[in-house]
Number of protein chains: 2
Amino acid sequence: MTDVVASTRRPAPRGRIDKRKAILDAAFAVFARRGYDQACVQEIAEEAGVAKPTVYNHLSDKENLFRHAVETAAEAVMADNLAVVELVREPSGDLRALLEDVADRMLRICCDERSRALRRLTYAQLVRFPDLIEVVHRRTSTRVAEALADRLARLCLSGHLRPCDPAQAAEQFLALLTAPVEARSRLGGREVPPAEIDAVASAAVDTFLRAYRPEPATS
Amino acid sequence: MTDVVASTRRPAPRGRIDKRKAILDAAFAVFARRGYDQACVQEIAEEAGVAKPTVYNHLSDKENLFRHAVETAAEAVMADNLAVVELVREPSGDLRALLEDVADRMLRICCDERSRALRRLTYAQLVRFPDLIEVVHRRTSTRVAEALADRLARLCLSGHLRPCDPAQAAEQFLALLTAPVEARSRLGGREVPPAEIDAVASAAVDTFLRAYRPEPATS
DNA sequence: ATAAATCTGAACTGACGAGTTCAAATCAGG
DNA sequence: CCTGATTTGAACTCGTCAGTTCAGATTTAT
């Protein structure tokens with residue numbers, strides 16, 4: 001009689017459309033704000049504008065839902081990052097300016113809600129889904145580092161950077177970017193103001209260039 | 001009738017000893033291996049060799065148990081790290097060797113099970129206990145960075161490093177250490193072989209020194 | 001229009017775990 | 001050795017939530 005429940009239900013096109021996509025999007029959103037254990041399937045169904053049995057109809061169970069939602073998000077984050085790495089080319093003008101631009105774009109991706117939620121969720125479920133972290137990490141970290149290493153290798157060959165191990169250079173470039181931001185965002189809990197992002201990016205590039213610029217002709 | 005339950009019960013000195021400490025230790029151990037939600041108070045009680053009501057007698061509820069266990073662990077990790085930072089002094093011999101020793105020790109702390117579990121737990125409960133991460137982060141990260149900055153400032157003044165912002169230098173030194181190790185340990189899921197730890201430490205120090213060594217007297 | 005597939009809401013089962021209760025056992029101190 | 005505090009085990013309450021069932025509504029395709 002006193003039913004005022006569930007006023008936040010979008011009608012969402014009845015019939016058979018891409019319920020599946022709606023469900024996965026909703027799942028990631030709900031997992032992101034509640035965490036795996038606190039998220040309940042009912043809420044995901046409501047967020048997707050769909051009945052609970054429909055959720056189970058598309059994705060067998062909660063675990064499956066989580067895996068698909070997380071892997072999809074990881075895919076998207078990887079695509080964004082790879083697109084940015086593509087920008088690293090033989091500099092037409094200033095190498096520093098180029099790297100700062102790249103650094104800035106990567107940090108913005110790494111600070112946005114989706115990336116943060118993704119890290120949080122995989123980190124949190126490390127014990128329960130060890131294989132999942134493997135997949136996510138490959139997408140969001142390893143792959144990006146490899147792509148960046150490729151680009152840096154070219155810069156070494158063309159003499160814009162000193163000869164070095166490109167994989168290590170890439171690892172350290174990313175370290176100088178991500179670690180300070182992780183720390184300043186309290187592991188993703190706080191929003192980092194753009195001014196700080198800029199500062200971290202420019203400090204990282206500065207240090208990176210000091211360490212990897214070509215040696216002044218010795219002797 | 002078919003009761004074979006709870007065969008892993010240590011007797012643990014009956015009467016009133018430091019049950020409290022036993023309980024907190026057990027709590028951290030169980031939270032570490034199960035995560036907050038999966039950990040059940042019964043298991044903590046068993047691990048502590050104590051009855052369930054005794055747990056509730058000492059610490060009001062599960063949340064309280066978690067907070068105390070985590071804060072205690074954070075305190076311990078901080079102490080370890082600060083002790084290592086103390087080693088940074090005016091180098092009697094080689095600055096590089098000194099920094100590599102410090103880097104190595106810090107990485108070992110950061111890779112051990114306790115630190116990893118601590119990061120995992122706080123990261124995972126970011127949403128539910130936002131204030132807790134504040135506390136932990138201050139202990140394990142901010143404080144250590146500040147202490148290191150102090151030491152680096154002295155090295156700048158004595159001319160062992162170029163003039164620079166010591167806070168930034170400390171932040172980047174730690175970034176070059178922790179980020180690669182986090183990546184290689186799959187966010188703490190995998191054990192990192194000592195050889196890799198050494199490699200990361202020495203690469204980090206090398207890059208740090210290239211970026212922060214005193215400028216060769218210009219013009 | 002009609003048949004097959006899908007979706008819906010609501011109610012249901014079953015497991016699990018937090019926190020409590022209590023009477024009996026155990027301890028510590030005077 | 002007596003008294004009061006603490007511990008213990010076991011059973012219990014209570015809420016939550018994953019996953020299921022089902023009869024009826026809706027959709028899509030032919």
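Throughout, protein chains are lettered first and strands after them, A, B, ... in sequence-line order, and every chain is numbered starting at 1. Values below: every heavy atom of this structure, side chains too, minus hydrogens, waters and symmetry copies. Keep in mind that this is a model prediction, so the values were computed, not measured.
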Legend entry - Nucleotide C:dT20, atom C1' - distance to CG of B:Leu59 in whole Å: 17 Å
Legend entry - Salt-bridge present (A:Glu71, A:Arg139; N to O < 4.0 Å): no
Pick out the pairs of N or O atoms, protein on one side and nucleotides 17-21 of chain D on the other, that lie under 3.5 Å.
unit_1	atom_1	unit_2	atom_2	d
D:dA18	OP1	A:Ala39	O	3.2
D:dA18	OP1	A:Lys62	NZ	2.9
D:dA18	OP2	A:Val41	N	3.1
D:dG19	OP2	A:Lys62	N	2.9
D:dG19	N7	A:Lys52	NZ	3.0
D:dG19	O6	A:Lys52	NZ	2.7

Inset, instruction - Go through the structure and list residues passing side chain to side chain donor-acceptor pair (under 3.5 Å) with B:Asn64, not counting sequence neighbours. - result: B:His68
Inset, instruction - Give a yes/no on whether any side-chain N or O of B:Lys19 is located under 4.0 angstrom from OP1 or OP2 of D:dT8. - result: yes
Donor-acceptor list for residues 143-155 of chain A side chains, cut-off 3.5 Å, not counting sequence neighbours:
unit_1	atom_1	unit_2	atom_2	d
A:Arg151	NH1	A:Val88	O	3.1
A:Arg151	NH2	A:Glu86	OE1	3.2
A:Arg151	NH2	A:Glu86	OE2	3.2

Legend entry - Under-4.0 Å side-chain N/O to phosphate OP1/OP2 contact, A:Asn57 with C:dT6: no
Inset, instruction - Apply side chain to side chain donor-acceptor pair (under 3.5 Å) to B:Asp206 and list each qualifying residue two or more places apart in sequence or on a separate chain. - result: B:Arg96, B:Arg210
Inset, instruction - Only pairs at least two apart or in different chains count here, so list each salt bridge (charged side-chain N to carboxylate O under 4.0 Å, His left out) that has a residue in residues 120-130 of chain B. - result: B:Asp37-B:Arg128, B:Glu113-B:Arg120
Inset, instruction - Would you please confirm or rule out a distance under 4.0 Å between OP1 or OP2 of C:dC7 and any side-chain N or O of A:His58? - result: yes
Legend entry - Gap between atoms CD and C1', on B:Glu46 and D:dT8 respectively (whole Å): 13 Å
Inset, instruction - Considering only NZ, NE, NH1 and NH2 on the basic side and carboxylate oxygens on the acidic side, decide whether A:Arg138 and A:Glu134 come within less than 4.0 Å. - result: no
Inset, instruction - Look at B:Thr54 and D:dT7 and indicate whether a side-chain polar atom (N or O) is within less than 4.0 Å of OP1 or OP2. - result: no
Legend entry - Between C:dA18 (C1') and B:Arg128 (CZ): distance, integer Å: 12 Å
Inset, instruction - Answer yes when A:Arg105 and A:Asp101 have at least one side-chain N-carboxylate O distance shorter than 4.0 Å, and no when they do not. - result: yes
Inset, instruction - Go through A:Glu182 and B:Tyr123 one step at a time and tell me if the side-chain hydrogen bond (donor to acceptor under 3.5 Å, both in side chains) criterion holds. - result: CA-CA 11 Å; A:Glu182 273 290 278; B:Tyr123 217 138; 2.8 Å; yes
Legend entry - Pairing of B:Arg33 and B:Glu43 as salt bridge, 4.0 angstrom limit: yes
Legend entry - Five-pair end axes of the helix from C:dA1-D:dT30 to C:dG30-D:dC1, angle between them (10°): 30°
Legend entry - Integer-rounded Å distance: C:dA18 P and B:Ile44 CD1: 8 Å
